[in-house]
Amino acid sequence: MSSQLVEPDVEQVEKKSKKPSTSHLKVVPETRELRDKIRAEIAKFATTLDRKNTFTKAELQVFSEQLLTSMGLGFQYTGFTSVCIANEFWREQVQATDFSRRLLLMPHCLKHAEGCPADYDEFGLDCRKCGACSVADFKTRAEDLGYKVLVSEGTPIVLKIIVSGHVDAIVGVACLNVLEKALDKILLAGVPCVAVPLLSSNCKSTSVDEDWVMEFINLKTPAPATVTRSYMHLMRASHQICEEPELSRLCPPSRSGANTRAEDPLSVHEKLAYNWLGKGGKRSRPFITLAVYDALKGGAGTLNAESINISDAVKRSALAIEAFHKASLIHDDIEDDDNFRYGSETMHRQQGVPVAINVGDYLVGLGYRLAAKDRAELGSDVSADILFKLSDAHVKLSEGQGAELLWRNSTDKNITPLEALRIYALKTSPAFEAALYAGVRLAGPADAYEKMIGEFAKNLGIAFQILNDLGDFDTNSENKVVAGQDVLAGRPTVLLAMALETATPAQKEEILGLLQRARKGDSSFQLVERIHQLYQLNEVFSKGQKLVEKFRARAEAIADEVDSEDFRRLLYFLVDSVLEKFEAPQQAEPLSLIQLGKV
Ligand code: SF4
């Protein structure tokens with residue numbers, strides 16, 4: 001094969017990236033000979049790749065199809081080929097990473113299904129190394145070299161481990177279904193990763209090319225000349241500023257010093273607020289502010305952690321946005337009477353409503369204090385512009401939430417999709433807008449970007465909220481232990497609005513009746529299940545997914561118009577990372593894993 005045949009075709013890539021196909025096929029080549037042949041061609045092809053920046057899954061798909069066409073092979077191997085191209089893209093950077101900074105991630109389905117004596121703990125499968133399957137061999141070799149090892153799977157776990165700062169590269173084994181989901185996020189975030197696909201996706205006693213896994217585990221060479229830009233460093237920075245000791249360094253507590261009595265009420269209250277501020281979550285809002293600022297200042301923070309050049313004043317502004325967000329969660333949980341947040345009881349369940357309201361108020365005040373603190377360094381016009389945007393977001397969020405609460409109290413439960421979307425635009429988008437705006441304004445004048453930011457945030461926020469609604473029927477999504485909470489709480493979701501729009505008169509009457517029953521306290525499984533059925537009959541879930549894609553496409557079209565390549569790339573990354581599909585962690589509970597510092 002001529003390497004020219006598979007030179008990346010940029011025009012095709014651009015067309016594909018506008019309309020990413022979701023239908024590529026995931027067959028692992030049946031023979032070892034064919035797998036090796038494809039890998040060998042990819043090794044040649046990879047010499048043409050520009051490794052300065054990551055590429056998207058759509059780009060990968062085009063490269064894979066070009067390569068398969070040039071080899072006379074069918075597109076059923078597109079998924080396998082994409083994984084192999086990604087492997088070659090990252091190989092040098094994985095093999096330059098110290099063994100002690102690598103994670104070996106294996107799926108539990110590799111175990112010998114019938115006789116495996118291993119138990120599961122919060123970190124996944126605790127392999128006893130009985131020798132009945134290859135897990136023991138891989139684990140032993142990797143641990144001897146200094147790797148951290150997990151027998152678990154799922155992209156959310158991987159990303160949480162990465163942002164925790166304990167590992168810098170991943171060697172993975174997974175089925176093509178899992179790898180396909182992971183590719184987008186891992187490629188876009190710029191996490192060095194190589195993976196070996198399982199030979200089948202049947203989830204039981206699976207097998208893999210074992211020598212290939214060993215080859216990847218043993219990779220070790222000096223650092224390559226080109227290091228791919230990565231958001232990993234800025235993701236870590238956004239986590240760091242929200243956690244101790246950085247949190248107290250940027251925003252020193254004033255009531256809980258060394259000489260304060262532990263039971264002093266001022267100290268206790270302050271600690272409650274700081275603990276809540278430092279608790280869980282993706283830190284996506286402070287990340288947005290830091291990453292936008294970095295992108296408009298040249299993108300040095302995407303090269304490595306040492307190149308991040310962000311002042312404490314900028315970090316405090318990002319922290320302010322997290323404080324507002326955390327305050328709004330406390331108040332939302334009270335208003336919705338939610339029981340759980342970040343896998344544990346909500347603030348008002350733990351402390352009672354009056355204390356929770358007050359902690360929320362404290363965090364609002366702390367946010368404004370943080371945003372205004374560095375006005376002398378940032379310039380009073382910059383601080384005033386950011387404060388205005390924050391206060392504007394605060395008003396809009398309250399409007400959206402207020403409209404939702406009043407609708408819930410009303411007896412007329414009719415709502416149109418347009419009315420629901422208008423509430424979404426107020427409830428969710430302003431926080432994204434404020435985080436984006438703060439990053440832009442901290443980097444310089446914002447006039448050229450202000451309109452774009454508002455439109456982008458609106459589309460992103462609406463898509464995010466619809467995804468949340470779809471996740472409400474997923475018992476495994478981050479905060480949910482019970483499905484159908486939106487229905488039971490009587491929230492005016494766009495799913496409900498779409499169901500009411502197309503329901504037959506009898507179905508509509510039934511839906512409204514079920515909502516009335518929920519309003520009177522019926523939280524039975526049967527009620528939620530029936531609503532679920534009625535939603536399905538009206539194809540609400542597929543329509544919701546289509547709406548998510550529509551608003552995603554709009555956000556991407558807005559990003560396309562941005563001149564700064566670093567900023568545009570970041571906006572695309574935000575679309576992909578914020579609009580992450582809800583995925584059920586399979587075994588380990590990721591938050592506890594990180595919080596315990598075991599990896
Ligand atoms: S080697 Fe480990 S994972 Fe495999 S069967 Fe034995 S205990 Fe289970």
Side-chain angles (χ1 to χ4, degrees), residues 26 28-32 35 79-80 83 87 94 97 99-162 164 166-167 169-182 186 193-220 476 583-594 596-599:
K26 291 168 272 186
V28 176
E30 295 75 4
T31 65
R32 179 62 193 252
R35 295 195 288 278
F80 176 85
V83 171
N87 284 346
V94 171
T97 304
F99 287 127
S100 65
R101 301 283 305 166
R102 297 188 203 173
L103 172 73
L104 173 64
L105 189 68
M106 291 179 281
H108 52 90
C109 62
L110 259 184
K111 73 179 184 184
H112 188 261
E114 308 307 326
C116 175
D119 292 323
Y120 286 96
D121 61 18
E122 71 253 61
F123 310 118
L125 184 79
D126 185 16
C127 168
R128 303 260 189 90
K129 298 184 180 174
C130 78
C133 76
S134 52
V135 169
D137 297 337
F138 299 147
K139 185 175 159 83
T140 301
R141 176 60 183 158
E143 284 179 344
D144 284 350
L145 290 170
Y147 276 71
K148 279 97 181 170
V149 179
L150 275 184
V151 187
S152 186
E153 63 188 32
T155 320
I157 293 176
V158 175
L159 279 178
K160 277 171 180 158
I161 290 169
I162 284 288
S164 72
H166 295 278
V167 297
I170 298 166
V171 175
V173 179
C175 68
L176 278 180
N177 285 328
V178 168
L179 289 175
E180 193 227 347
K181 284 183 199 143
I186 289 172
C193 173
V194 290
V196 185
L198 291 169
L199 296 179
S200 66
S201 300
N202 55 10
C203 302
K204 203 174 168 192
S205 295
T206 49
S207 58
V208 66
D209 288 327
E210 295 179 10
D211 58 329
W212 190 7
V213 179
M214 278 298 186
E215 178 197 326
F216 278 171
I217 290 173
N218 288 320
L219 290 174
K220 189 77 187 102
N476 291 301
E583 279 183 90
Q586 302 253 327
Q587 297 296 339
E589 166 46 61
L591 278 173
S592 60
L593 189 71
I594 304 308
L596 288 168
K598 292 289 172 87
V599 290

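The structure displayed is predicted, hence computed values, not measured ones. Every number for a ligand or one of its atoms is a count from 1 in the order of the listing.
- The L125 neighbourhood of ligand 1 comprises atoms 3 (S), with distances under 4.0 Å to a heavy atom of that residue.
- The residue K139 has no part lying near ligand 1, judged by heavy-atom distances below 4.0 Å.
- Considering only non-hydrogen protein atoms, atom 6 (Fe) of ligand 1 sits nearest to C130 SG, 2.3 Å.
- Between K139 and D126 there is no salt bridge, since none of the side-chain N atoms of the basic residue sits less than 4.0 Å from a carboxylate O of the acidic one.
- In summary, the atoms of ligand 1 found under 4.0 Å from a heavy atom of G131, numbered by their order in the structure, are 1 (S), 6 (Fe).
- The side chain to side chain contact (heavy atoms under 4.5 Å, CB included) test with V173 is passed by exactly one of V151, T206, V208: V208.
- Under 4.0 angstrom from ligand 1, there are no non-hydrogen atoms of V151.
- Ligand 1 places these atoms under 4.0 Å from at least one heavy atom of K111: 3 (S).
- With a 4.5 Å cut-off on side-chain heavy atoms, D119 and L125 do not count as touching.
- Not a single N/O/S atom of C127, whether from backbone or side chain, sits less than 2.8 Å from atom 6 (Fe) of ligand 1.
- Applying the 4.0 Å criterion to heavy atoms of K129 picks out, from ligand 1, the atoms 2 (Fe), 7 (S).
- Taking CZ from F216 and CG from L104, the interatomic distance works out to 12.0 Å, rounded to the nearest 0.5 Å.
- The protein atom (non-hydrogen) at minimum distance from atom 7 (S) of ligand 1 is R128 N, 3.3 Å.
- Rounding to the nearest 0.5 Å places CZ of R35 at 4.5 Å from CG of L199.
- With ligand atoms numbered from 1 in the order given, ligand 1 contributes 1 (S) to contacts under 4.0 Å with heavy atoms of A136.
- Considering only heavy atoms from C-beta on, H108 comes within 4.5 Å of Y120 through its side chain.
- Closest protein heavy atom to atom 4 (Fe) of ligand 1: C133 SG, 2.2 Å.
- Taking a cut-off of under 4.0 Å to the non-hydrogen atoms of C116, the atoms of ligand 1 that pass are 3 (S), 5 (S), 7 (S), 8 (Fe).
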Notebook entry, point to check: Run the salt bridge (charged side-chain N to carboxylate O under 4.0 Å, His left out) check on K129 and D137 step by step: do they pass?
Noted result: CA-CA 8 Å; K129 298 184 180 174; D137 297 337; over 6 Å; no

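- Side-chain atoms of F138 and C133, non-hydrogen and from C-beta on, never get closer than 4.5 Å to each other.
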